[in-house]
Structure formats: structure tokens, C-alpha cells
S.K.: 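Dumping the structure here so I can ask a few things about it.
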Amino acid sequence: MISKPRGTRDFTPQEMQKRRWLETKMREIFEKYGYEEISTPTIEHLELFTLKSGEGIIEETYAFEDKAGRKLALRPELTAPVMRFYVEKFQMEPKPLKFYYFGNCFRYDRPQKGRYREFWQFGCELIGSNKPEAIAELITMAYDILKEIGLKNIVLRIGNLDILRKFLDSIGANDAEIMRLIDKKDFDELKKKIRNFEEFEKFINIKDLDELKQDYKEIDKMKEVIEFLEEFSVPYNIDLSIARGLEYYIGIVFEIDAPKLGAEKQICGGGEYSLVPLLGGKSTPTAGFAIGFDRTLLALEMEGFKFVEVEKPIYIAYMHGMLKEAIKIAKMLRKEGMKVEMDLMRRSISKSLDYANRKGIKKVVIVAPEEWEKGKVLIKDMVSGKQEEIDIESLKNQKM
RNA sequence: GCCCGGAUGGUGUAGCGGUAACAUAGGGGACUGUGGAUCCCCUGUCUCGGGUUCGAAUCCCGAUCCGGGCCCCA
């Protein structure tokens with residue numbers, strides 16, 4: 001037997017119903033903020049992803065050569081492709097540009113809970129403005145989406161890489177290794193590496209920007225962002241220890257966690273970044289975020305969220321010799337826009353009812369010769385068990 | 001890349017060295033004018049490969065996949 005590749009998933013009809021629902025819901029909110037959907041290819045030149053992150057990234061990327069020897073990769077994320085698209089096509093468009101996207105990404109990782117080799121990301125990029133209100137609106141939208149879909153328990157943390165780097169400079173501790181340790185929250189190791197650990201500890205535990213003694217211009221901007229967040233009524237936490245893995249992040253960064261998920265609790269991450277110049281475009285401010293679609297769904301499920309059930313089709317059963325008449329009914333009702341399933345197994349009425357029952361179907365139309373003569377069919381309510389004879393025409397008005 | 005724990009009909013499980021069991025589901029029939037019942041029939045050989053043994057689902061090794069945890073995380 002051939003099974004699915006490691007770290008990939010098949011989705012059942014029940015799962016797809018949930019996923020579709022969530023996708024639709026998220027899309028609505030992006031649209032509400034004036035973002036427009038775009039889509040980019042599943043495969044890109046490998047270079048697009050190695051540019052900013054170095055060759056080491058290849059190990060986690062599904063990379064391959066095509067028949068002409070081009071080095072390609074399945075996209076491991078969507079920010080770089082979207083920026084590539086922007087540089088190729090949209091540089092002269094009026095700013096700001098607001099794009100959102102939904103797509104599958106691939107990473108060659110050890111699969112575990114909330115982590116797959118093929119996973120889906122919902123995200124957006126805001127191109128052209130880094131005004132405090134622009135960043136505040138972006139963060140608000142991320143928070144709004146997660147709240148709107150029904151998540152109860154989420155935590156938003158906001159940090160600032162410029163401030164963090166400047167501070168580390170001031171204590172002579174700004175290097176990649178230390179950033180990595182901060183990202184990992186490995187305080188034991190940091191204690192060994194940073195001479196002035198006490199000051200560092202004080203810095204990263206700051207909960208209010210007024211506690212900052214330093215005088216960087218970035219602090220003023222961040223204060224403004226926070227002011228606007230309050231205006232948008234978004235609860236936040238200051239967390240100057242957010243380091244984020246990618247080097248192209250600059251300035252304000254944020255993460256949203258669903259604490260219930262444990263180790264893989266981060267469901268959204270984003271911030272300001274600089275990628276356009278690397279891709280050969282004219283420098284312009286960019287910011288964005290990505291939501292882990294699978295993890296978000298998982299978080300909803302773990303909170304016991306009640307998903308709306310998709311309505312069941314009306315089912316058409318027929319007596320012996322009434323197949324063509326059943327087809328007529330199916331055709332008529334589908335033309336009315338109704339969801340219709342007809343017996344395709346040539347089952348007896350009793351088997352048909354049994355089937356409808358197991359499938360949770362609410363209404364069954366029974367096409368029988370005696371009634372057909374009078375221009376009528378039988379309609380049976382599977383919940384109450386009641387059955388009545390009705391005109392074929394009035395079937396169109398049946399509620400499922 | 002590392003560490004645990006798993007893998008038995010479609011699904012959920014039992015069996016843990018003597019030649020596969022139970023529940024449930026699916027299809028058909030008893031039953032061509034009516035559902036959740038009953039009865040009968042059909043559908044499954046233990047993830048794969050190698051080893052130990054007279055004999056392996058059972059023990060050992062390896063691979064694959066799944067779950068959990070690290071590392072990493074765009």
C-alpha cells in the first residue's frame with residue numbers, strides 16, 4: 001500500500017468543512033481592512049529563499065533541480081515570493097499596497113503536533129508605509145482575525161529589534177549568537193555570555209516603554225504605535241526579548257500565541273522587515289505577518305469551538321421502476337439551487353431510508369408510482385418520522 | 001539531526017512464541033411501498049525487509065509511517 005509522504009495530511013470531508021469555514025472567515029476580515037488577495041507559484045527559484053537566509057536554509061527546504069538543471073524549491077514561506085512579485089510588477093503602483101494570501105508551504109522538518117511538512121499560511125504584506133498608524137493597523141488586523149474567528153485565549157506580544165540591537169550594542173553584546181539565544185529564551189546560557197547580565201535582564205523585562213532610560217528615536221515611534229493600538233482597543237504586552245529568527249526583520253515585531261498549544265504555540269508572527277532592496281527593488285517600507293492556519297484551527301478545536309455544521313442534502317429514494325422520475329426530481333431541485341443526493345445504488349426503500357438515516361440526512365423524497373400519477377411525491381422528515389404527500393412543484397419550497 | 005512510545009480487517013481494539021479474536025463499519029440477501037431491529041452471506045492474515053526458532057503478529061535488528069518531546073523554526 002502506498003501511504004502519504006511523511007508530514008503531509010489528507011483531509012476528510014469533516015475537516016475540509018472546518019478548513020473552508022475558517023478560510024472564508026479569515027478572508028472576510030482581510031477584505032474588511034482593504035487587503036486584496038494575491039497568489040504566487042508553489043515553486044520558486046531556490047535563490048529567492050537563500051538570498052536572505054544563507055545556504056543553511058536549504059536543509060529545511062524541499063529543493064530540487066528541474067529537467068533543465070534550474071535550482072528550484074517548494075516555497076517554505078510566502079513573504080519572499082510576495083516581495084518578489086511586488087518587485088517584478090507593482091513598484092509603480094500607488095502606495096500603500098495591501099496584499100493578503102493563503103497558500104501551502106513546505107518545510108523539511110521533523111513532524112510533530114501542529115507541525116507538518118506541508119502546512120498552510122494565511123498572511124499579508126503592507127507595502128509603502130511604516131507610519132505608526134500603519135503598523136498599528138496591521139497588528140490590530142492580526143489580533144482582530146484571531147479574535148473574530150472565535151479564539152478566546154490569545155496573547156499578543158510586541159517587541160522592537162532596533163531597540164533590542166541598540167541596547168545590546170550599548171552593553172557590547174550585539175552578535176548573532178546572542179540574538180539566537182534570546183530567541184530561544186535560553187537565559188542560563190545568556191548569563192554566561194553577557195557580562196552585564198543584570199542590566200540585560202532588567203531591559204528585557206520592561207513592561208512599559210517609559211521605563212526605558214535610553215533615548216532612541218525608535219522608542220518614540222513605538223510609543224506612538226502603542227498609543228494607536230490602544231485607540232484600536234487591542235490588548236498587548238511589551239516584550240523586548242522578541243528576536244525572531246529571520247535576519248530581514250527590523251524595527252517593530254510581534255507574535256501572537258495560543259498558550260494551549262504548548263511547544264508549538266505561536267500562531268502568528270510578523271513585523272517590519274527589509275527585503276525589497278535585496279531583491280533588487282527600490283527601497284520602500286514593508287511590514288506583514290503570517291498566521292499558521294493549521295495551528296489556528298488546532299487552537300480553535302482545543303478550545304472546544306463549535307463549528308457550524310454544513311447542511312445535509314435532500315435525498316431522493318424511489319420505488320421500483322421510478323428511476324427516471326427520480327432523475328426528473330433531482331434535476332428540478334438542483335435547478336432551484338438545492339443540494340440533492342439521489343439513490344445511485346438502486347436500493348430498496350428500506351435500504352434507502354437506512355442509508356439516509358446513517359448519513360444524518362434530514363429530508364427524504366420518495367418517488368412512488370401511485371403518487372406520481374397524481375403529480376405528487378412523498379416527503380419524509382427523518383427526524384420526526386412524519387411523512388406527507390405533496391405536489392411536485394411545492395418541493396421547491398421545502399426547507400432542509 | 002536526537003530521545004521516548006507505537007503500528008493487527010475501513011475504524012477501534014484483544015492476542016505478546018504454537019499457526020488470528022472481538023466490536024463496529026461497508027456491500028448483498030431474507031424483505032421490489034418505507035429507517036434506526038433480527039438472521040444469513042461476502043470483504044481482512046498482523047506496515048515492510050532481514051534474523052533467531054521445529055514454529056513469529058508475538059523475540060532481535062533495520063527501514064517506513066504515526067504520536068509525544070528536544071533541536072530548529074521562514
Side-chain angles (χ1 to χ4, degrees), chain A residues 1-10 12 44 48-54 56-62 73-83 103 105-117 119 121 123 125 180-181 183-186 243-249 253 255 261-271 273 275 288-292 295 315 317-323 343-372 377-389:
Chain A
M1 198 177 67
I2 298 173
S3 55
K4 60 189 182 307
R6 180 158 206 212
T8 63
R9 291 161 295 162
D10 294 318
T12 63
E44 293 276 359
L48 178 63
F49 305 111
T50 51
L51 246 182
K52 36 118 190 204
S53 316
I57 224 78
I58 299 176
E59 283 172 32
E60 290 172 12
T61 304
Y62 278 91
L74 296 179
R75 57 187 179 197
E77 52 111 16
L78 283 160
T79 298
V82 170
M83 285 302 113
C105 300
F106 303 82
R107 280 180 213 175
Y108 197 89
D109 244 352
R110 171 75 170 84
Q112 54 183 273
K113 192 181 176 68
R115 186 153 153 191
Y116 308 96
R117 287 183 174 180
F119 59 98
Q121 275 198 344
E125 312 302 337
R180 201 179 61 81
L181 291 172
D183 194 26
K184 273 169 64 178
K185 312 258 179 281
D186 187 346
R244 294 206 62 81
L246 283 182
E247 278 181 34
Y248 60 73
Y249 276 101
V253 288
E255 296 179 347
L261 290 180
E264 306 290 331
K265 68 183 162 59
Q266 195 189 318
I267 54 175
C268 173
Y273 57 89
L275 209 47
F289 64 80
I291 292 174
R295 282 185 196 175
Y315 185 80
Y318 58 92
M319 298 280 180
H320 200 66
M322 301 301 284
L323 176 52
D343 171 32
L344 298 175
M345 301 280 283
R346 303 198 174 178
R347 276 194 247 248
S348 64
I349 292 300
S350 95
K351 291 279 182 187
S352 271
L353 291 175
D354 190 16
Y355 169 81
N357 184 46
R358 286 194 187 284
K359 294 285 273 190
I361 283 163
K362 302 277 189 300
K363 291 272 172 78
V364 174
V365 174
I366 300 169
V367 185
E370 225 173 273
E371 287 76 10
W372 188 264
V377 291
L378 295 160
I379 182 148
K380 189 175 180 95
D381 184 311
M382 294 300 284
V383 181
S384 66
K386 282 185 192 136
Q387 177 175 310
E388 55 176 333
E389 200 177 293

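Worth saying up front: this structure is predicted, and the values here are computed from it rather than measured. Quick note: numbers below take in every heavy atom, side chains included, and nothing from hydrogens, waters or symmetry partners. Naming: A, B, ... by sequence-line order, numbering from 1 per chain.
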S.K.: Counting only Watson-Crick or G-U wobble pairs whose two distances fall under 3.5 Å, which nucleotide matches B/rG10?
M.R.: B/rU24
S.K.: Rounding to an integer number of angstrom, what distance separates B/rG27 and B/rA14 when you compare their C1' atoms?
M.R.: 26 Å
S.K.: Using side-chain heavy atoms (C-beta onward) and a distance below 4.5 Å, is A/Gln121 in contact with A/Phe289?
M.R.: no
S.K.: Counting primed atoms plus P, OP1 and OP2 as sugar-phosphate and everything else as base, spell out the protein contacts along nucleotides 27-40 of chain B at 4.0 Å heavy-atom distance: B, S or - for each nucleotide, 5' to 3'.
M.R.: SSB--BBBBB----
S.K.: Base of B/rC72, side chain of A/Arg115 - is there a donor-acceptor contact under 3.5 Å?
M.R.: yes
S.K.: Taking the P atom in each of B/rU8 and B/rC46, what is the distance between them to the nearest angstrom?
M.R.: 12 Å
S.K.: Taking all heavy atoms of A/Gly288 and all of A/Tyr273, pick out the closest pair and write down the distance.
M.R.: N-CE2, 3.6 Å
S.K.: What integer number of Å spans the P atoms of B/rU38 and B/rU24?
M.R.: 9 Å
S.K.: Sort out the partner of B/rU52 for me: Watson-Crick or G-U wobble, both distances under 3.5 Å, none otherwise.
M.R.: none
S.K.: Can you tell me, in whole Å, how much space there is between the C1' of B/rC59 and that of B/rU53?
M.R.: 10 Å
S.K.: Between B/rC73 and B/rG12, how many Å separate the two C1' atoms, rounded to a whole number?
M.R.: 35 Å
S.K.: Let me know the distance between OH of A/Tyr249 and P of B/rC73, rounded to the nearest Å.
M.R.: 13 Å
S.K.: Within the structure provided, determine whether A/Arg107 and A/Glu77 are in side-chain contact (heavy-atom separation under 4.5 Å).
M.R.: yes
S.K.: For nucleotides 64-67 of chain B, which of its nitrogen or oxygen atoms have a protein nitrogen or oxygen under 3.5 Å away, and what is each distance?
M.R.:
from: B/rC66; atom 1: OP1; to: A/Gly7; atom 2: N; distance (Å): 2.9
from: B/rC66; atom 1: OP2; to: A/Arg6; atom 2: NE; distance (Å): 3.1
from: B/rG67; atom 1: O6; to: A/Arg110; atom 2: NH2; distance (Å): 2.9

S.K.: Using a distance-only criterion (donor-acceptor N/O pair, under 3.5 Å, no hydrogens), is the base of B/rA74 paired with the side chain of A/Gln121?
M.R.: no
S.K.: Any strand is fair game: report the nucleotide pairing with B/rG1 by Watson-Crick or G-U wobble, both distances under 3.5 Å, or none.
M.R.: B/rC70
S.K.: Is it the case that the side chain of A/Arg295 and the backbone of A/Gly114 share a donor-acceptor pair, with hydrogens and angles ignored and the cut-off at 3.5 Å?
M.R.: yes
S.K.: Between B/rU47 and B/rG15, how many Å separate the two P atoms, rounded to a whole number?
M.R.: 15 Å
S.K.: What interatomic distance, in whole Å, is found between C1' of B/rG29 and the corresponding atom of B/rU43?
M.R.: 15 Å
S.K.: Tell me the partner of B/rG36, counting only Watson-Crick (N1-N3 plus N6-O4 or O6-N4) or G-U wobble (N1-O2 and O6-N3) with both under 3.5 Å; none if nothing fits.
M.R.: none
S.K.: On a whole-Å scale, what distance lies between the C1' atoms belonging to B/rC61 and B/rC54?
M.R.: 22 Å
S.K.: Using the ring of A/Tyr108 (Phe, Tyr or Trp, six-membered ring only), decide whether A/Arg117 places NZ or CZ under 6.0 Å from its centre and within 45 degrees of its axis.
M.R.: yes
